[in-house]
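Sequential numbering from 1 along the given sequence is applied to the chain's residues. Order of appearance sets the numbers: ligands from 1, and atoms from 1 within every ligand.
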Amino acid sequence: MQNLTTLKDIDLENKKVLLRVDYNVVTDGKITDEFRVRASLPTIDYLIKKNCSIILISHNGRPEGKVVESMSLRPVARLLPRLLGRDVTFIDECTGDEVQQEAEFLRAGDIMLLENLRFNPGEEKNDSGFAKELASLAEVYVDDAFAAIHRAHASTVGVAKLLPHAAGLLVQKEYDTFEMLMEKPKRPYTAVIGGAKISDKLGILKEILNHVDALLIGGAMANTFLLAKGHNMRSSKVEKDKLKEALSIMRKAQTKKIKLLLPVDLVVSKSVDDKNKPKTVNTDGLQAGDIALDLGPKTMDLFNSVISESKTVFWNGTLGIAELPKFAKASSSMAHSMISSDAKTIVGGGDTAAFVDKAELESHFSFVSTGGGASLQLLAGNKLPGIEILLRK
Ligand code: ADP
Ligand code: 3PG
Ligand code: MG
């Protein structure tokens, strides 16, 4: 992997900096994940020490080019002053006269946060006019939005083409960690993949088999594999159009002699709410109406024994509906077995990182990535547009 252009490579003293961060943390007007916001602070502090003024830009959710009030970044503008100990001005637009004027008057140490970039249709289209408007606000562009680095959007790629640019401290740290995982992981190297976004992850699972010694699959993702193996998953979340892919991943693991483990027991219930008491069943024991919502204790014993023998572990995707404590047991057990092992432990994924952060375990891992799709794509060896543009020429 090549080196990135870093903050040390560009002239920052007294500059106006457009800082792309990933504050995709607001759902229905509430911040669900402070972790990503805290992860952006070291670069902000660094820039302030260089007497920069900072224009923070981010997307949130998928408003598809329209203003959706519940996806506004305003809640982050309220949180930032508490974390930074400084005022942060919020502008409810990201282009236009008011933004231009406010940007012009910024002085060293001033910080301004613009509204959700995706309220503008130009963002996701990587529209050159929109990129120009953003670029016109500043003298330098810094990308610290690791979680969005796999997106070729105006604020990730478009502006970088127009301004002197560098990776922020978070992007640099994330990139270095994944470089280590790709190029020199201590073996045995185990990947634990769970979560809900089955279609996002199946293709990547196939690639990960080129790097790991063991692959442990949990979450709703495992349901599709179990179904492909002939288990009746009843009312569990499955992706029937991905059965062939699941089979091909299992075949590839077999050919490459990689240990691929699926759940052997599951915690099931007839509904996610409290109306029904969850029970533990073997994977061939699901009854009509049962929904698999977490992994069972036998599975966790099996998974944890692989973790205890690993020297490197990467975990993406919670192993059950970990947002609800009663279905967070497998994820919690995985977190604890990782942190009590001798392995280098790396966690990736928005929900997984949020889970670890909420359980106050973050500092016990070697590294907790802020990226979900981005980290998986890097691990799959894909070239990511946001990274390519930041590579040192
Ligand atoms: P990340 O954001 O860490 O990449 P994902 O978004 O892929 O992870 O997966 C996390 C989501 O997966 C959580 O919202 C969780 O509720 C869901 N999930 C995990 N297990 C199950 C399951 N058995 N059934 C339905 N959803 C699940
Ligand atoms: C994420 O949370 O994974 C990133 O912010 C990217 O969001 P997106 O998948 O909507 O592009
Ligand atoms: Mg997620």
K.L.:
Using a 4.0 Å heavy-atom threshold (strictly under), name the region of Arg36 that reaches ligand 2: side chain, backbone, both or neither.
P.N.:
side chain
K.L.:
Sub-3.5 Å donor-acceptor pair from the side chain of Asn60 to the main-chain atoms of Val26, do we have one?
P.N.:
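Yes, the answer is positive, given that a donor and an acceptor are paired below the 3.5 Å cut-off.
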K.L.:
Where do Asn120 and Phe130 come nearest, in terms of heavy atoms and distance?
P.N.:
ND2-CE1, 3.2 Å
K.L.:
Report yes if Asn223 has an N/O atom closer than 3.5 Å to an N/O atom of ligand 1; otherwise report no.
P.N.:
no
K.L.:
Using a 4.0 Å cut-off to any heavy atom of Gly349, which atoms of ligand 1 qualify?
P.N.:
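So the atoms of ligand 1 that pass are 1 (P), 2 (O), 3 (O), 4 (O).
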K.L.:
Should His150 be counted as touching ligand 2, given the test is an N or O pair under 3.5 Å?
P.N.:
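No, since none of the N or O atoms of His150 sits under 3.5 Å from an N or O of ligand 2.
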K.L.:
Got a sec: does the NZ of Lys242 have more than 12 other heavy atoms crowding it under 6.0 Å?
P.N.:
yes
K.L.:
Nearest heavy atom to atom 27 (C) of ligand 1 wins, so pick from Asp351, Leu376, Ile321, Val268.
P.N.:
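Looking at heavy atoms only, Ile321 sits closest to atom 27 (C) of ligand 1.
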K.L.:
At less than 4.0 angstrom from any non-hydrogen atom of Arg118, what atoms of ligand 2 do you find?
P.N.:
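Counting from 1, the qualifying ligand atoms are 8 (P), 10 (O), 11 (O).
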K.L.:
Can you establish whether the number of heavy atoms outside Asn14 located under 6.0 Å from its atom CG is more than 12?
P.N.:
yes
K.L.:
Compare every heavy atom of Pro75 with every heavy atom of Gly29, then report the nearest pair and how far apart it is.
P.N.:
O-CG, 3.4 Å
K.L.:
Show me which atoms of ligand 1 lie under 4.0 Å from any heavy atom of Gly219.
P.N.:
20 (N), 23 (N)
K.L.:
Please confirm whether Thr352 comes within less than 3.5 Å of ligand 1 when only nitrogen or oxygen atoms on both sides are compared.
P.N.:
yes
K.L.:
Out of all atoms in ligand 2, which are within 4.0 Å of some heavy atom of Asp22? Include the element for each.
P.N.:
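Every atom of ligand 2 under 4.0 Å from some heavy atom of Asp22: 4 (C), 5 (O).
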K.L.:
For ligand 2, which atoms, with element, lie under 4.0 Å from some heavy atom of Arg151?
P.N.:
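This gives 8 (P), 9 (O), 11 (O) as the contact atoms.
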K.L.:
Taking only heavy atoms of Lys237 into account, list the atoms of ligand 1 that are under 4.0 Å away from them.
P.N.:
25 (C)
K.L.:
Is Ser340 reaching over with its side chain to a backbone N or O of His336, donor-acceptor style, under 3.5 angstrom?
P.N.:
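Answer holds: yes.
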K.L.:
Taking Asn304 for its side chain and Asp301 for its backbone only, find out whether a donor-acceptor pair lies under 3.5 Å.
P.N.:
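Not confirmed, Asn304 side chain does not pair with Asp301 backbone.
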K.L.:
Under 4.0 Å, heavy atoms only, figure out whether ligand 1 is touched by the backbone of Asn316, its side chain, both or neither.
P.N.:
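Looking at Asn316 and ligand 1, just side chain atoms fall under 4.0 Å.
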K.L.:
Tell me which N, O or S atom of Asp351 sits nearest to the Mg ion (ligand 3).
P.N.:
OD2
K.L.:
Which of the listed options, Ala147, Ala196, Gly317, holds the heavy atom that is closest to atom 17 (C) of ligand 1?
P.N.:
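Selected option, by shortest heavy-atom distance: Ala196.
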K.L.:
Can any side-chain N or O of Glu124 pair as donor or acceptor with the backbone N or O of Gly65 at less than 3.5 Å?
P.N.:
no
K.L.:
Any N/O of Gly195 closer than 3.5 Å to an N/O of ligand 1?
P.N.:
no
K.L.:
Counting only nitrogen or oxygen atoms and a 3.5 angstrom limit, does Lys201 reach ligand 1?
P.N.:
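Yes, Lys201 has an N/O under 3.5 Å of an N/O on ligand 1.
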K.L.:
Pick one: which of Val17, Val21, Ile48, Val142 meets side-chain contact (heavy atoms from CB on, under 4.5 Å) with Thr43?
P.N.:
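Among the candidates, only Val142 passes.
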K.L.:
Between Glu139 and Lys16 (side chain of the first, backbone of the second, donor and acceptor by atom type, cut-off under 3.5 Å), is there such a pair?
P.N.:
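Looks like yes, one N/O pair under 3.5 Å.
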K.L.:
Do Leu12 and Tyr46 pass the side-chain contact (heavy atoms from CB on, under 4.5 Å) test, and can you show the C-alpha distance, the side-chain angles, and the key distance before you say yes or no?
P.N.:
CA-CA 10 Å; Leu12 286 166; Tyr46 183 99; 3.9 Å; yes
K.L.:
Heavy-atom contacts with Arg62 under 4.0 Å: which atoms of ligand 2 show up? List them by number with element.
P.N.:
8 (P), 9 (O), 10 (O)
K.L.:
Short N/O distance, under 3.5 Å, between Ala292 and ligand 1?
P.N.:
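Yes, there is a polar N/O contact under 3.5 Å.
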K.L.:
Find all atoms of ligand 1 within a distance of less than 4.0 Å from any non-hydrogen atom belonging to Gly350, and give their numbers and elements.
P.N.:
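Going through ligand 1 atom by atom, the ones under 4.0 Å from Gly350 are 1 (P), 2 (O), 3 (O).
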K.L.:
Applying side-chain contact (heavy atoms from CB on, under 4.5 Å) to Asn210 and Lys256, what does each step give before you reach the verdict?
P.N.:
CA-CA 8 Å; Asn210 294 329; Lys256 292 180 76 83; 3.3 Å; yes
